[in-house]
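Okay, so here's the structure we're looking at.
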Amino acid sequence: MGQLSLAALPDQVKQYLIITGNYWAFTLTDGALRMLVVLYFHQLGYSPISIAMLFLFYEIFGVITNLVGGWLGARLGLNNTMNIGLGLQIVALAMLTVSSEMLTVAYVMVAQALSGIAKDLNKMSAKSAIKMLVPDDAQGKLYQWVAILTGSKNALKGVGFFLGGVLLTLVEFRGAMIIMASVLVLVWLASLLNLKADLGKAKTKPKFTDIFSKSPAINMLSAARMFLFGARDVWFVVALPVFLAATFGWNHWWVGGFMACWVIAYGIVQSFAPYLTGKKQGKVPTGKAAFIWAGYLLLIPAAIALALHFDWHVQYAIIIGLMVFGAVFAVNSSLHSYLIVSYAGNDGVSLDVGFYYMANAMGRLIGTVLSGVIYQQYGLEACLWLSSLFVAAAAGLSVKLP
C-alpha cells in the first residue's frame with residue numbers, strides 16, 4: 001500500500017487487512033471445496049454435466065443472497081454480514097463430514113446452497129466495506145485496493161483448487177472437510193473480535209424494496225456484468241473441462257491443474273489492472289474504458305471458434321486463446337469491480353453493491369446452465385460464439401455508462 005497510506009490511514013489499513021485476510025481464508029476453502037466435490041464425485045462415476053448440476057443451488061442461492069445480502073448489510077453492518085457468511089461456510093463444511101453413504105446428490109446440493117449463500121455474503125461485505133475505508137477524494141487508491149482484493153481472491157481460488165486435490169489425496173474427503181472447518185473457526189473468532197462494529201450500516205434503515213437499484217448507471221453496469229460473466233462461464237464451467245478431457249484425452253488431474261493455473265494467472269492480472277488502464281498517468285477508469293476493454297474481449301472467443309471451425313491448430317488455439325481471454329477478461333472484471341464501488345452511494349453502500357453482484361451471480365447461473373446444455377447439443381464452437389454474443393451485449397450496455 002505504501003508508507004504514506006499506512007501513515008495517513010492506520011485504522012483504515014488495519015480494517016482493510018482484517019477484511020482481506022477474512023476474505024482470503026474463505027476463498028481458499030471455497031476453491032478447495034469446489035475441487036474436492038468435482039474430484040470426489042468424479043471418482044464415484046458421475047458425468048461432468050451431473051457434477052456441474054451439483055453447483056446449481058450454489059449459483060441460484062448466490063443470486064438471492066446478493067439481492068437480500070446488500071439490504072442486510074445496510075441494516076446490520078458489513079462486519080455482521082461478513083461474519084454470518086463465515087459461520088455459514090463452517091456449517092456447510094461440517095455437513096460434509098458425514099459418512100460417504102449419506103453424501104447423496106440432494107444432500108450435497110443443500111450443503112452447496114449454504115456455501116453459495118456464505119460466499120456471496122462474504123464477497124458483498126468485503127467489496128462494500130472498502131468503500132467505507134477510503135476517502136471520496138482518493139479514487140485512485142479505491143481502484144487499487146479493489147483490484148488487489150479482487151485479484152488476490154481469484155489467485156487464491158486457484159490455489160484452493162490445488163489445495164482441494166492435495167487434501168483429497170492426503171486425508172480423503174471427510175478429513176479435508178474437518179481440517180477446513182477447523183481453520184475457518186479460528187478465522188471466524190478472530191474476525192468477531194477485531195472487525196469494526198457497524199461498518200457500512202446505513203444511517204436510515206432501508207426498506208426491503210430498496211434492494212432494487214434506482215441508479216441508471218448501476219442498472220446499466222449490473223446488466224453489463226451479467227452478460228460479461230455469462231460470456232465467461234458459458235464455455236469455461238462445463239464445456240471446456242469436458243472438451244479437454246474428451247478431445248485431448250487429459251485426465252482429471254491435468255484438467256484441474258490447468259484450470260487452477262488459469263484462475264491464478266487471471267487473479268494476478270486483475271491485481272495489476274490499474275497499471276494497465278492508466279493509473280500511472282493518474283487516470284481512473286470511466287464507462288468508456290469498460291466499453292473499450294469489452295471490445296477487445298469480444299474478438300477472442302470468436303477467434304477461437306473460427307480456429308475450431310476450420311480445424312486450425314485446435315489445441316494451441318484453445319490453450320493460448322484461453323490465456324489471452326483470461327488476461328483481457330481480468331482487466332474487464334477489475335474495471336467493473338472498481339466502477340460499482342465508485343458509483344455506489346456512501347450511505348448503505350452494500351445495497352448498490354449487493355444488487356450489482358446479484359447480476360454477477362445471475363450471469364454465472366445462466367452461463368453454467370447454458371455451458372452444459374449448448375455443449376451437449378452443439379459443441380464447444382457454439383459455446384464460444386454465444387460467449388462473443390454475450391460480450392457484445394456487455395459492450396453495448398457499457399456505451400451508456402457515465
Side-chain angles (χ1 to χ4, degrees), residues 28 30-55 58 154-170 172-173 176 231-269 300-330 364 367-387:
L28 272 173
D30 187 54
L33 178 59
R34 178 163 286 243
M35 190 52 63
L36 279 156
V37 169
V38 169
L39 293 177
Y40 185 68
F41 279 85
H42 177 81
Q43 285 177 4
L44 296 180
Y46 286 77
S47 72
I49 291 174
S50 300
I51 292 167
M53 290 302 107
L54 289 173
F55 297 103
Y58 178 94
N154 284 307
L156 279 170
K157 192 166 187 177
V159 174
F161 288 172
F162 284 127
L163 181 66
V166 170
L167 286 173
L168 189 63
T169 305
L170 297 179
E172 298 187 347
F173 190 81
R232 182 194 68 179
D233 288 358
V234 76
W235 68 291
F236 187 77
V237 171
V238 176
L240 183 66
V242 174
F243 184 87
L244 293 174
T247 307
F248 295 165
W250 292 9
N251 63 36
H252 60 271
W253 290 107
W254 269 96
V255 174
F258 177 72
M259 304 290 271
C261 289
W262 187 89
V263 174
I264 291 167
Y266 164 74
I268 291 167
V269 174
I300 301 163
I304 304 169
L306 286 170
L308 274 171
H309 184 76
F310 293 107
D311 198 24
W312 186 79
H313 301 293
V314 170
Q315 192 157 348
Y316 290 111
I318 286 176
I319 294 169
I320 295 166
L322 182 65
M323 292 302 173
V324 177
F325 180 89
V328 180
F329 186 89
R364 287 202 320 265
T368 298
V369 173
L370 287 178
S371 188
V373 173
I374 300 297
Y375 179 75
Q376 192 160 307
Q377 295 295 322
Y378 306 106
L380 183 62
E381 186 186 329
C383 293
L384 288 159
W385 284 120
L386 187 56
S387 175

Quiz item: How long is the gap from CG on L28 to CG on L156, to the nearest 0.5 Å?
Solution: 5.0 Å

Quiz prompt | Qualifying side chain to side chain donor-acceptor pair (under 3.5 Å) pairs, either residue in residues 302-314, two or more places apart | solution = H309-E381

Practice problem: Starting at CZ of F243, measure out to CG of L308 and round the result to the nearest 0.5 Å. | Solution: 5.0 Å

Report all side-chain donor-acceptor pairs from residues 318-325 shorter than 3.5 Å, counting only partners two or more places apart or in another chain.
none

Exercise. Walk me through it: do F329 and I300 pass the test side-chain contact (heavy atoms from CB on, under 4.5 Å)?
Key: CA-CA 10 Å; F329 186 89; I300 301 163; over 6 Å; no

Quiz prompt | Interatomic spacing from CZ in F236 to SG in C383 - rounded to 0.5 Å | solution = 13.5 Å

Quiz prompt | Distance, nearest 0.5 Å, that separates CG of L240 from CH2 of W262 | solution = 9.0 Å

Quiz item: Considering only heavy atoms from C-beta outward, does the side chain of T368 approach that of F55 to under 4.5 Å?
Solution: no

Practice problem: Quick one: closest heavy-atom pair of A239 and S371, and the distance? | Solution: N-OG, 3.0 Å

Exercise. Mind listing the closest non-hydrogen atom pair of A155 and I264 along with its distance?
Key: O-CG1, 3.3 Å

Quiz item: Nearest heavy-atom pair of V314 and A307: which atoms, and what distance?
Solution: CG2-O, 4.1 Å

Exercise. With the side chain counted from C-beta on, respond yes when W385 and L306 share a heavy-atom pair under 4.5 Å apart, and no when they do not.
Key: yes

Practice problem: Side-chain contact test, heavy atoms from C-beta onward, threshold under 4.5 Å: evaluate it for W254 versus L244 and give yes or no. | Solution: no

Exercise. Mind checking salt bridge (charged side-chain N to carboxylate O under 4.0 Å, His left out) for D233 and listing every partner two or more places apart, or none if nothing turns up?
Key: none

Quiz prompt | Closest heavy-atom pair and its distance - Y375, L380 | solution = CD1-N, 3.5 Å

Quiz item: Do you know which two heavy atoms are closest between F248 and Q315, and how far apart they sit?
Solution: CZ-CA, 3.5 Å

Practice problem: Compare every heavy atom of M35 with every heavy atom of G165, then report the nearest pair and how far apart it is. | Solution: N-CG, 4.2 Å

Quiz prompt | Distance in Å, L170 CG paired with L163 CG, rounded so as to fall on 0.5 Å steps | solution = 10.0 Å

